[in-house]
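Remarks on the structure that follows.
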Amino acid sequence: MTGKTTAYTERLSALLRERGMAPARAEELVAELTAYAAEVGSPLEEEFGPAGELADQLTRREGADAVDGPDTWVWTADALQEVELLARFGGQGWEAERLDRLGRFVCRRDRQTPLRWSYRRETTGGRHREQLTARLATEGWELFGTWGPFAYFKRPEAAVTGPAAQLSAPPAPPRRRVYFAPWILVTLAAAVAVAVATVLLAGSGAGLTDGASLAGALVGLTAGGLLGAWAWRTAARRHTG
């Protein structure tokens, strides 16, 4: 992020908070706008105009949404949990509109007539993905995002159950936004620590020959890679579809 971009986002965030927006919501909006500008390759000010005018527009829109608009929520999870969580949150009326650049689920829920949603994840790519998307479309499934080898589909429960898909008393929006299993974080941290330690030892020459240091670094990096690959393959095998 350039210095000019940082200055713009910091000013926009400050202006949103000054106008009464919750800090967490202000940060979320700024992150979404920054990601969008990066996707289209335009400077923020060129894309959205002066920070003051944009802050006014966003504040007015948030005020209108607070009365009549939908609930919005962005969340992420590890590959081992996301299929189960999509099913749970879909049952609470959350519709995943898309995946953002970070692979997070951008969701909305109608406040007046919330409906249940069904989801499925498939491991596919290239021409096979196009064929699968066309085939599932005949069953009411819509592709709403892809991430790596995964393709994500959604379908309103009303397509299957009719009026029974409507929720009469949906639960409050979740406060949590990140769902990662603790063992995954510990494993990744350990792998990174081993790799960094071996590289540092190689650089310091702490009683090791160059060959031994290089071997240690390679072992650490390989172990981390194998652990990551194992977790990924386990996720695809156990939780796809």
Side-chain angles (χ1 to χ4, degrees), residues 1 28 31-42 72-109 115-160 174 176-192 195 218 220-241:
M1 185 179 293
E28 180 182 329
E32 291 179 0
L33 294 173
T34 303
Y36 174 80
E39 285 182 358
V40 300
S42 299
T72 58
W73 178 45
V74 180
W75 61 279
T76 188
D78 61 68
L80 296 170
Q81 300 185 81
E82 62 182 16
V83 172
E84 177 183 347
L85 291 171
L86 280 167
R88 181 199 306 175
F89 299 137
Q92 296 175 4
W94 290 101
E95 176 191 0
E97 295 187 308
R98 60 184 175 87
L99 289 172
D100 67 10
R101 294 185 67 205
L102 300 178
R104 300 179 302 177
F105 296 97
V106 180
C107 302
R108 69 188 298 276
R109 183 173 66 184
L115 298 174
R116 294 184 176 88
W117 287 81
S118 296
Y119 296 96
R120 62 188 295 167
R121 185 183 73 189
E122 301 287 345
T123 304
T124 181
R127 181 176 300 178
H128 179 64
R129 177 178 294 171
E130 297 177 2
Q131 295 172 346
L132 178 65
T133 300
R135 178 172 62 81
L136 291 179
T138 63
E139 302 173 15
W141 294 100
E142 174 189 351
L143 178 69
F144 70 87
T146 59
W147 186 255
F150 296 142
Y152 299 85
F153 297 85
K154 65 181 178 181
R155 181 174 68 181
E157 273 292 305
V160 178
R176 187 175 173 186
R177 294 176 179 269
V178 178
Y179 298 84
F180 286 114
W183 71 266
I184 290 181
L185 298 178
V186 171
T187 300
L188 291 176
V192 171
L218 290 175
L221 292 172
T222 301
L226 289 175
L227 286 170
W230 174 82
W232 186 262
R233 288 173 64 86
T234 301
R237 184 174 65 250
R238 295 174 55 193
H239 295 273
T240 296

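Counting begins at 1 with the first residue of the sequence.
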inquiry  = Between Trp94 and Trp117, is the ring pair (Phe, Tyr, Trp, His ring centres under 6.0 Å) condition met? List the steps.
reply    = CA-CA 7 Å; Trp94 290 101; Trp117 287 81; over 10 Å; no
inquiry  = Run Arg155 and Glu139 through side chain to side chain contact (heavy atoms under 4.5 Å, CB included) and show every step you take.
reply    = CA-CA 9 Å; Arg155 181 174 68 181; Glu139 302 173 15; 4.1 Å; yes
Pro149 side chain near Thr123 side chain, heavy-atom distance below 4.5 Å = yes
message = Quick check: do Glu95 and Lys154 have side-chain heavy atoms less than 4.5 Å from each other?
response = yes
message = With rounding to the nearest 0.5 angstrom, report the CD to CZ distance, Gln81 to Arg88.
response = 8.5 Å
request  = Could you tell me whether the side chain of Trp75 reaches within less than 4.5 Å of the side chain of Pro174, counting heavy atoms only?
outcome  = no
request  = Measure the spacing between CG of Leu136 and CD of Gln131 and express it to the nearest 0.5 Å.
outcome  = 12.0 Å
task = Using a 4.5 Å cut-off on heavy atoms from C-beta on, say whether the side chain of Thr133 contacts that of Glu142.
result = no
message = Name the residue from Glu122, Arg135, Arg120 that meets the side-chain contact (heavy atoms from CB on, under 4.5 Å) definition with Trp141.
response = Arg120
ask   = For Cys107, does its backbone N or O pair with a side-chain atom of Arg98 as donor and acceptor, under 3.5 Å?
value = no
request  = Report yes if some heavy atom in the side chain of Arg116 is under 4.5 Å from a heavy atom in the side chain of Gln92; otherwise report no.
outcome  = no
query = With a 4.5 Å heavy-atom cut-off, do Tyr152 and Trp147 have their side chains touching?
reply = yes
key: Straight-line distance of Thr72 OG1 to Arg108 CZ, nearest 0.5 Å   = 9.5 Å
message = Just so I know, are the side chains of Arg177 and Val74 near enough to count as touching, which here means a heavy-atom distance under 4.5 Å?
response = yes
query = Which pair of non-hydrogen atoms, one from Ala181 and one from Asp78, has the smallest distance, and what is that distance?
reply = N-OD2, 2.8 Å
request  = Among Phe105, Phe180, Tyr179, find the residue that satisfies the side-chain contact (heavy atoms from CB on, under 4.5 Å) test when tested with Thr76.
outcome  = Phe180
remark   = On a heavy-atom basis, the closest approach of Leu99 and Gly145 is CD1-C, 3.9 Å
Whether over 12 other heavy atoms sit under 6.0 Å from Arg176 CZ = yes
key: Steps toward side chain to side chain contact (heavy atoms under 4.5 Å, CB included) verdict (Phe89, Trp73)   = CA-CA 11 Å; Phe89 299 137; Trp73 178 45; 3.4 Å; yes
inquiry  = Is the terminal nitrogen or CZ of Arg121 (NZ for Lys, CZ for Arg) located under 6.0 angstrom from the six-membered ring centre of Phe150 and within 45° of that ring's axis?
reply    = yes
